[in-house]
Amino acid sequence: MTDSLFSTRYYSYPKLDEDIRDKMQHLRQSIAKLEANLITPDSVDKASKQTEGHKDNSALENTVLAESEVDYAGELNPSQLLAATTIEGKVLVIAGAGSGKTKTLTYRTSYLIESGASPNSILLLTFTRKAANEIKGRVKSLLAESLADNRALSGLDLNAITSGTFHSFCNMLLRRYSGLLGINPKFTILDTGDSEDALDMICKDQGVVRKNMKQAFPRKKTLQKLISTSRNRHILLRDLIENDYPDIAIHIPVIEQLAMEYHRYKRANHLYDFDDIISQVVYHLKNNLQFRKLIQDTYRHVMVDEYQDTNIPQKQLIDYICKPDNVSLMVVGDDNQSIYAFRGANYENILLFGDSYPEAKLIKLEQNYRSTPAILDYVNALSEQITLGYQKKLYSSLAVDGSKPVLSRRSNDKEEAKYIADKIINLKPEHDYNDFAVLSRTSFQSNEIQLQFMQRNIPFIVVGGIKFIEKRHIKDILALVKILYNPNDTIAWHRILTLFSGVGEVTATKITNAITSRNNSFEPLLDPKLTKNKEHIKELYQVLTKAEQQETVADILQTLIDFYLPMLKMLEDNWRERSEDFRVLINLAREHSSLDNFLENLALDPPNDSVAVMGDPEKKEPDAVTISTIHSAKGLEWPVVFVNSLVDGLTPHHRSLHEFEELEEERKLFYVACSRAKTHLYLTAPDYYSSFAGYFDKVSRFIAEVPEDTVLVDSHASKARAEKPESNEPEWW
DNA sequence: TGGTGAAAAGTTTTT
DNA sequence: CTTTTCACCA
């Protein structure tokens with residue numbers, strides 16, 4: 001039994017073909033090159049003692065600014081201090097899980113400013129607005145005293161630091177420099193769904209006829225994904241399709257044509273999908289010398305967070321800005337935590353940093369402030385199974401080892417859920433509910449957990465699920481707003497017009513064509529020939545005209561909602577429940593002064609309102625167990641972490657079993673999950689799991705790969721099968 | 001245009 | 001097995 005649990009001989013591993021081998025070889029060389037440029041607190045010390053002959057203080061401590069109110073050397077560990085005070089050239093910082101990455105970026109920003117960098121020359125790029133705001137906020141409070149006391153610094157406006165997501169930064173550039181770039185600043189943003197709709201429309205426009213095709217033509221979702229992946233990973237559509245979708249290879253010319261049309265369509269109508277926002281800036285940086293120069297002159301100190309998750313256009317953006325030698329660049333990331341390749345992230349970026357910047361330095365943050373040594377041992381053991389990467393080993397300065405991760409096999413997913421619920425109830429006396437998290441490979445895997453928690457009155461919040469702005473009624477209202485803001489937004493027009501009964505694809509197209517050719521006047525809505533005399537469409541005209549005259553964003557929204565509500569009543573029987581969301585929308589609108597602002601923020605920083613709360617709804621931050629996917633847990637930590645569904649086929653996911661790189665990403669995903677835990681880590685696996693996708697009954701290979709003595713196997717697990725009924729209440733209650 | 005039924009697809013999702 | 005998407009027809 002134990003023998004089979006910790007042996008990998010029962011698993012089949014994907015073969016490494018020639019291409020991958022070559023690629024890995026190349027990556028290894030690049031890694032080795034940069035490893036040679038590793039700088040450590042010690043190496044810096046020695047070097048400076050030889051050349052300058054400092055006496056007692058370490059060289060690092062001497063770099064600390066004399067006048068500063070901030071105690072850099074006191075508050076950072078030596079490696080962090082080295083990273084914070086290395087402000088010239090190009091640097092890659094490998095920041096292991098829980099190594100104080102955000103803190104380091106904060107202190108480096110502060111150090112830059114105290115060293116004389118102007119706030120508006122600093123550019124900080126992240127993937128979430130939350131991270132961007134946190135760093136900026138922490139810099140502000142860190143420098144508050146210095147700003148007040150130090151004459152050289154007084155009067156500096158720290159708000160001038162550009163700190164944001166890739167998308168918000170590029171969006172800002174496109175609007176601010178629209179004149180220089182020759183584009184319309186009043187563009188609207190297509191989210192993924194909008195972009196699918198656009199492609200669908202273009203298919204029809206182009207006369208793509210799906211019937212009578214020998215080989216099925218890809219659906220709109222697939223098309224969108226193909227085009228997006230092709231752009232984000234810089235793989236020609238042809239190659240992408242031949243490799244990953246060989247079945248549709250005969251349609252390659254048509255798909256290429258569609259991609260071209262889609263691009264033209266967006267440019268003509270001032271529409272930008274998420275990929276455009278970045279790629280178009282890259283395009284302008286490449287082709288518009290004046291723009292490039294301006295940007296390079298503006299941003300002299302660039303920092304990038306989560307570099308392992310950047311895609312190719314994002315890398316290009318960084319490279320264009322940082323090309324001049326006098327622009328400093330620090331990218332921070334952890335190659336062990338690249339888990340977004342499926343979204344177009346290119347994990348090679350971080351491994352090839354030494355290739356892009358041969359002079360670059362490497363700094364490693366390996367001291368972990370999160371987990372106990374016992375958990376770190378496990379996490380390090382997992383790390384060793386990851387094939388490619390920079391050498392690293394996390395260590396803790398904690399004296400007590402703590403408890404080893406516990407692995408428990410239960411008969412099925414329901415028993416897993418019971419086990420987890422039992423453990424939480426047992427541990428509750430020493431913990432708040434906030435201290436617990438349950439992480440799963442897919443959101444679906446938490447269903448049983450939620451049921452168990454409900455039965456036992458364990459409060460929980462679920463992270464993820466349907467997003468607020470993806471709900472139908474919210475998208476409808478936003479489409480109305482988009483029409484007002486950018487009447488060229490044909491996608492929004494279509495969405496609204498086809499809501500009317502009797503209006504379909506054909507009529508909608510006629511109307512939008514008429515509107516576009518009449519210079520975006522709403523008049524065609526009144527044309528009886530086009531509208532077949534539908535009263536509702538006339539009302540739409542009136543409501544749009546009325547909304548245009550409203551003063552505030554909230555008033556505009558209210559006008560549109562009043563118009564839409566009767567339609568919603570016809571469309572959805574839970575309209576009452578749904579209309580609650582409009583209050584949220586109005587409240588959001590109140591925080592924005594203009595439509596630009598409102599639409600932009602909603603698209604690029606969607607409210608995380610998808611959270612389902614169980615427990616006390618009055619409290620702002622309820623004390624509740626977090627239930628989350630592993631992906632959404634990245635960057636977070638909890639004292640007690642449960643990871644469930646650890647059978648091969650679920651974790652790793654069965655669809656990733658056959659490709660080396662995909663399996664590798666799954667392995668990193670498990671690494672991310674386990675490295676969230678501070679003091680207790682519980683791993684659970686069902687004896688078997690079966691679904692349409694197959695029958696899975698082996699424990700995850702990621703567990704089997706690791707030395708047996710790093711985990712504790714909960715032995716009375718499998719005996720306690722689901723036999724005794726826990727009460728005599730009927731199950732259907 | 002909109003209803004019907006057959007046929008695919010079916011993870012993860014910071015924007 | 002369940003949900004979404006598409007083609008067909010009245």
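Computed from a predicted model, the values in this text were never measured in an experiment. Order of the sequence lines sets the chain letters (A, B, ...), proteins ahead of strands, with each chain counted from 1. Values below: all heavy atoms of this structure, side chains included; hydrogens, waters and symmetry mates excluded.
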Novice: Rounded to the Å, how far apart are A:Leu125 CG and B:dT15 C1'?
Specialist: 13 Å
Novice: Under the salt bridge (Lys or Arg N to Asp or Glu O under 4.0 Å) rule, what do A:Glu535 and A:Lys538 come out as? Steps first, then yes or no, please.
Specialist: CA-CA 5 Å; A:Glu535 279 307 309; A:Lys538 283 184 193 154; 3.8 Å; yes
Novice: Sticking with atom C1', work out how far B:dT11 lies from C:dC6, rounded to a whole angstrom.
Specialist: 23 Å
Novice: Using a heavy-atom cut-off of under 4.0 Å over every strand shown, decide if A:Asp275 touches base, sugar-phosphate, or nothing.
Specialist: nothing
Novice: Does NZ or CZ of A:Lys266 fall inside the cone over A:Tyr262's six-membered ring, less than 6.0 Å from its centre and within 45° of the axis?
Specialist: yes
Novice: On the nucleotide B:dT13, are OP1 or OP2 found under 4.0 Å from the side-chain N or O atoms that A:Ser632 carries?
Specialist: yes
Novice: Quick one: on DNA chain B, does A:Thr192 or A:Val506 contact a more 5' nucleotide (nearest heavy atom)?
Specialist: A:Val506
Novice: Write down the distance between CD (A:Glu306) and C1' (B:dT14), rounded to a whole number of angstrom.
Specialist: 8 Å
Novice: For A:Phe692 and C:dC1, do the ring centres fall under 5.5 Å apart while the planes stay under 30° apart?
Specialist: no
Novice: Across all strands shown, which nucleotide pairs with B:dG5 by Watson-Crick or G-U wobble geometry, both distances under 3.5 Å?
Specialist: C:dC6
Novice: Please tell me which of A:Val503 and A:Thr128 maps to the more 5' nucleotide of DNA chain B, matching each residue to the nucleotide holding its nearest heavy atom.
Specialist: A:Val503
Novice: How close do A:Leu181 and A:Leu173 get, counting heavy atoms only, and between which atoms?
Specialist: CD1-O, 4.5 Å
Novice: Sub-3.5 Å donor-acceptor pair from the side chain of A:Gln224 to the main-chain atoms of A:Leu199, do we have one?
Specialist: no
Novice: Between B:dT15, B:dT14, B:dT13, spot the one nearest the side chain of A:His631, thanks.
Specialist: B:dT13
Novice: Find the distance A:Ile630:CD1 to B:dT13:C1' and express it as a whole number of Å.
Specialist: 14 Å
Novice: Would you kindly give the OH-to-C1' distance between A:Tyr695 and C:dC1, to the nearest whole Å?
Specialist: 18 Å
Novice: Using a heavy-atom cut-off of 4.0 Å across all strands, would you classify A:Arg129 as base, sugar-phosphate, or nothing?
Specialist: nothing
Novice: Between the main-chain N or O of A:Ala492 and the side-chain N or O of A:Asp197, is there a donor-acceptor pair closer than 3.5 Å?
Specialist: no
Novice: Are the side chain of A:Ser168 and the backbone of A:Thr165 linked by a donor-acceptor contact shorter than 3.5 Å?
Specialist: yes
Novice: Indicate whether OP1 or OP2 belonging to B:dT12 is found under 4.0 Å from a side-chain N or O atom of A:Ser443.
Specialist: yes
Novice: Taking any heavy-atom pair under 4.0 Å as a contact, classify A:Thr126: base, sugar-phosphate, or nothing.
Specialist: nothing
Novice: Below 4.0 angstrom, which residues in residues 330-347 of chain A have at least one non-hydrogen atom near DNA chain B?
Specialist: A:Tyr340, A:Phe342, A:Arg343
Novice: Nearest to the side chain of A:Lys634, which nucleotide is it out of B:dT14, B:dT15, B:dG2?
Specialist: B:dT14
Novice: Between A:Arg441 and A:Glu666 (salt bridge meaning N to carboxylate O under 4.0 Å), is one present in this structure?
Specialist: yes
Novice: Hey, what are the protein-to-nucleotides 2-5 of chain C N/O distances that come in under 3.5 Å?
Specialist:
none

Novice: Whom does B:dT14 pair with, Watson-Crick or G-U wobble, provided both distances fall under 3.5 Å?
Specialist: none
Novice: Please identify which of these residues, A:Gln337, A:Arg343, A:Lys634, meets the side-chain hydrogen bond (donor to acceptor under 3.5 Å, both in side chains) condition with A:Asp309.
Specialist: A:Lys634
Novice: How far does the P atom of B:dT13 sit from the matching atom of C:dT2, given to the nearest Å?
Specialist: 23 Å
Novice: Please give, in whole Å, the distance from B:dT14 P to A:Ile277 CD1?
Specialist: 16 Å
Novice: Near DNA chain B, which residues from residues 641-662 of chain A have a heavy atom under 4.0 Å away?
Specialist: A:His653, A:Arg655
Novice: Do the rings of A:Tyr340 and A:Phe342 sit parallel, tilted or perpendicular, given the 30° and 60° boundaries?
Specialist: tilted
Novice: Check every strand shown and say whether A:Ser168 touches a base, only sugar-phosphate, or nothing at a heavy-atom separation below 4.0 Å.
Specialist: nothing
Novice: Salt bridge between A:Asp334 and A:Lys101, side-chain N to carboxylate O under 4.0 Å?
Specialist: no
Novice: Let me know the distance between OH of A:Tyr245 and P of B:dA8, rounded to the nearest Å.
Specialist: 17 Å
Novice: What is the separation between atom CZ on A:Phe444 and atom P on B:dA9, rounded to the nearest whole Å?
Specialist: 20 Å
Novice: Would you kindly give the CE-to-C1' distance between A:Met172 and B:dT15, to the nearest whole Å?
Specialist: 16 Å
Novice: State whether the side chain of A:Asp648 and the backbone N or O of A:Lys698 hold a donor-acceptor pair below 3.5 Å, judged by distance alone.
Specialist: no
Novice: If only atom types and distance count, is the side chain of A:Glu637 paired as donor or acceptor with the main-chain N or O of A:Gly98 below 3.5 Å?
Specialist: no
Novice: If the P atom of C:dT3 is compared with that of B:dT14, how far apart are they to the nearest Å?
Specialist: 23 Å
Novice: Distance-only, no hydrogens or angles: does the A:Gln314 side chain make a donor-acceptor pair with backbone N or O of A:Asn311 under 3.5 Å?
Specialist: yes
